[in-house]
Amino acid sequence: MTEGDIPEGLALCRSAGWNQTAADWDLFLQLSPSGCRVAVDDDGKVRGTVTTVRYGDHFSWVGMVLVDPASRRQGIGIQLLREALHVLSAEQTVKLDATPAGREVYLQLDFADEYPIGRMQLKKVVRDRVPDTHARPVTHADLRSIVEFDATVFGADRRPVLNAMLKRAPQYAFLCEEDGEITGYCFGRMGHEYAHIGPVIATDPQTATALVSAPLLNCGDWPVIIDVLHHTPEWLQWLASVGFAEQRPLIRMYRGSNAHPGIPDKQFAILGPEFG
C-alpha cells in the first residue's frame with residue numbers, strides 16, 4: 001500500500017460503515033511503510049486492504065481487513081490475511097481484534113482467544129449525566145511518563161501512536177495523578193462518523209470514569225464510541241448510566257507465544273481494533 005491508495009482505502013471504509021479517516025491511513029503507512037498491503041484487480045483497482053503494525057519486538061498487529069462488497073466470497077480476505085502473516089512471519093506474537101464472524105477465520109489460521117471486548121455507542125452526550133472530573137489535559141511533557149506506564153499495561157511501547165493521538169485530538173487526552181504518580185490516562189480521535197475515546201488505562205474503575213468524563217464533555221453533539229474490556233461490571237454499569245449501549249462484540253486474539261500480554265485489568269478501553 002502507498003499514499004496513492006488511501007482514497008480507495010477510504011472508499012472501502014465508507015462502504016463498510018467504518019469510522020477511519022485519511023489520518024488513520026496515513027498513520028498506518030508511517031508506522032509500517034512497507035508492511036501494509038492492497039489486493040488489486042487486473043485494472044489496478046483496489047479490492048481489499050490489510051495493515052500491519054510492529055510494536056517493538058513484543059508483538060505485532062493486524063488490522064483494516066477490508067474487501068470491496070462486490071468482490072467478497074472470492075478468497076480475497078483470507079489471501080490478505082495470509083499476506084499479513086507472511087509480512088510478520090519473523091514475529092513471535094501477532095494480535096488482532098476480531099468480530100465473531102471473523103473469529104472463525106482466524107481460528108483456522110492458528111489464532112487463539114485472549115479476552116472479549118465490546119464496542120459501545122453513545123448517540124449524544126447528555127452533559128447532566130456526566131459527573132465532574134479531576135482529570136487534567138495531557139501535555140507533551142507528560143508523554144514520557146505516560147509511555148512508560150502504558151508499555152507495562154499494554155504490553156509494548158507505542159509512543160508513536162500515542163503521540164499521534166495527542167497531536168490529532170488534544171481535546172480528548174486526559175490524565176489522572178495521585179501524589180505525583182500517574183493513575184490513569186485516556187486519548188481519543190475524531191472519526192468519520194463518531195468521536196472515538198480510547199485507550200483508557202487506569203488503576204481502578206473510579207479513575208477510568210473520571211478520565212472518560214473529561215473527553216465526553218468535549219464531544220459536543222457528536223456521537224461517541226468506545227471499545228471496552230468486560231473485566232469490571234462497575235465500569236460497564238457506569239457507561240450505561242451515561243447512555244452508552246453495546247453496538248457489537250469483539251474478541252482479542254493472538255497467534256504465537258503471547259509472552260507480553262500486558263495487564264488487561266488496567267485496560268478499560270482499547271485504542272481501537274485497528275491499532276490494539
Side-chain angles (χ1 to χ4, degrees), residues 27 31 53 55-59 61 115 117 120 122 125 127-190 195-220 224-239 241-242 244 252 259-272 275-276:
L27 183 55
L31 295 169
V53 177
Y55 289 115
D57 60 356
H58 284 191
F59 51 79
W61 210 268
Y115 47 77
I117 298 169
M120 301 186 75
L122 176 63
V125 177
R127 297 181 69 89
D128 290 347
R129 292 186 179 182
V130 181
D132 293 334
T133 175
H134 60 281
R136 69 164 176 83
V138 171
T139 69
H140 283 282
D142 297 316
L143 267 179
R144 180 175 179 178
S145 297
I146 288 174
V147 167
E148 291 176 357
F149 193 112
D150 185 74
T152 300
V153 177
F154 178 61
D157 187 317
R158 54 177 169 176
R159 176 187 294 271
V161 177
L162 297 182
N163 187 52
M165 296 302 110
L166 180 58
K167 287 182 177 179
R168 283 172 56 180
Q171 71 273 24
Y172 299 148
F174 287 87
L175 175 70
C176 285
E177 298 171 296
E178 186 173 328
D179 298 327
E181 298 291 329
I182 292 176
T183 58
Y185 45 89
C186 73
F187 292 85
R189 56 196 156 123
M190 285 301 303
H196 192 154
I197 297 175
V200 180
I201 307 295
T203 55
D204 55 70
Q206 292 77 27
T207 301
T209 60
L211 288 164
V212 172
S213 296
L216 283 180
L217 295 173
N218 290 339
C219 287
V224 184
I225 54 174
I226 184 169
D227 297 321
V228 300
L229 278 70
H230 291 177
H231 52 66
T232 305
E234 178 184 348
W235 162 239
L236 300 177
Q237 290 164 7
W238 178 79
L239 289 168
S241 76
V242 298
F244 280 96
R252 176 146 299 179
H260 301 280
I263 308 174
D265 286 352
K266 292 184 179 180
Q267 297 185 57
F268 285 81
I270 65 171
L271 175 56
F275 289 109

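Along the sequence shown, the residues carry numbers beginning at 1. Remember, predicted model here, so these are calculated numbers, not experimental data.
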Verify the distance criterion only: is there a donor paired with an acceptor across the side chains of Asp157 and His58 at less than 3.5 Å?
no
What do the steps show when you test His140 against Asn163 for side chain to side chain contact (heavy atoms under 4.5 Å, CB included), and what is the final call?
CA-CA 8 Å; His140 283 282; Asn163 187 52; 3.9 Å; yes
Please find the pair of heavy atoms, one from Leu122 and one from Val242, that lie closest to each other, and give the distance.
CD1-O, 3.4 Å
Do the ring planes of Phe187 and Tyr185 sit parallel (below 30°), tilted (30 to 60°) or perpendicular (above 60°)?
perpendicular
Contact summary for Arg129 and Ser241, nearest pair of heavy atoms
CD-O, 3.6 Å
Step through the shown structure and confirm whether more than 12 heavy atoms of other residues, nucleotides or ligands are within 6.0 Å of CD on Glu178.
no
For residues 205-216, run the donor-acceptor check on the side chains, cut-off 3.5 Å, and write out each pair with its distance to 0.1 Å, sequence neighbours left out.
| residue | atom | partner | partner atom | Å |
| --- | --- | --- | --- | --- |
| Gln206 | NE2 | Glu234 | OE2 | 2.8 |
| Thr207 | OG1 | Asp204 | OD1 | 3.0 |
| Thr207 | OG1 | Asp204 | OD2 | 3.3 |
| Thr209 | OG1 | Pro205 | O | 3.4 |
| Thr209 | OG1 | Gln206 | O | 2.7 |
| Ser213 | OG | Thr209 | O | 2.7 |

Can you measure from CZ (Phe268) to CG (Leu236) and round to the nearest 0.5 angstrom?
10.0 Å
Heavy atoms, side chains only, cut-off 4.5 Å: are Arg159 and Asp150 in contact?
no
With heavy-atom distances below 4.5 Å as the criterion, would you say the side chains of Ile201 and Gln267 are in contact?
yes
What's the spacing between Asp227 CG and Ile270 CD1 if we round to 0.5 Å?
4.5 Å
Looking only at heavy atoms, which two atoms of Thr183 and Glu177 are closest? And how far apart?
OG1-N, 3.8 Å
Rounded to the nearest 0.5 Å, what separates atom CG in Leu162 from atom CG in Leu271?
7.5 Å
With sequence neighbours left out, the residues meeting salt bridge (Lys or Arg N to Asp or Glu O under 4.0 Å) with Asp142 are Arg136
What side-chain donor-acceptor pairs closer than 3.5 Å can you find for residues 168-176, not counting sequence neighbours?
| residue | atom | partner | partner atom | Å |
| --- | --- | --- | --- | --- |
| Arg168 | NH1 | Asp24 | OD1 | 3.1 |
| Arg168 | NH2 | Asp24 | OD1 | 3.3 |

Could you pull out the closest heavy-atom pair between Gly276 and Arg158, with the gap in Å?
O-NH1, 3.7 Å
Correct closest heavy-atom pair for Gly220 and Val125 would be O-CB, 4.4 Å
Minimum-distance pair of heavy atoms, taken over all atoms of Ile197 and Ile226
O-CG1, 3.5 Å
Strictly distance-based, threshold 3.5 Å: is any side-chain N or O of His196 a donor or acceptor partner for the main-chain N or O of Gly272?
no
Heavy-atom check, side chain of Phe154 versus side chain of His260, under 4.5 Å:
no
Distance from Glu181 atom CD to Phe149 atom CZ, nearest 0.5 Å?
9.5 Å
Taking atom types as modelled, find out whether Arg252 and Tyr115 have a side-chain donor-acceptor pair closer than 3.5 angstrom.
yes
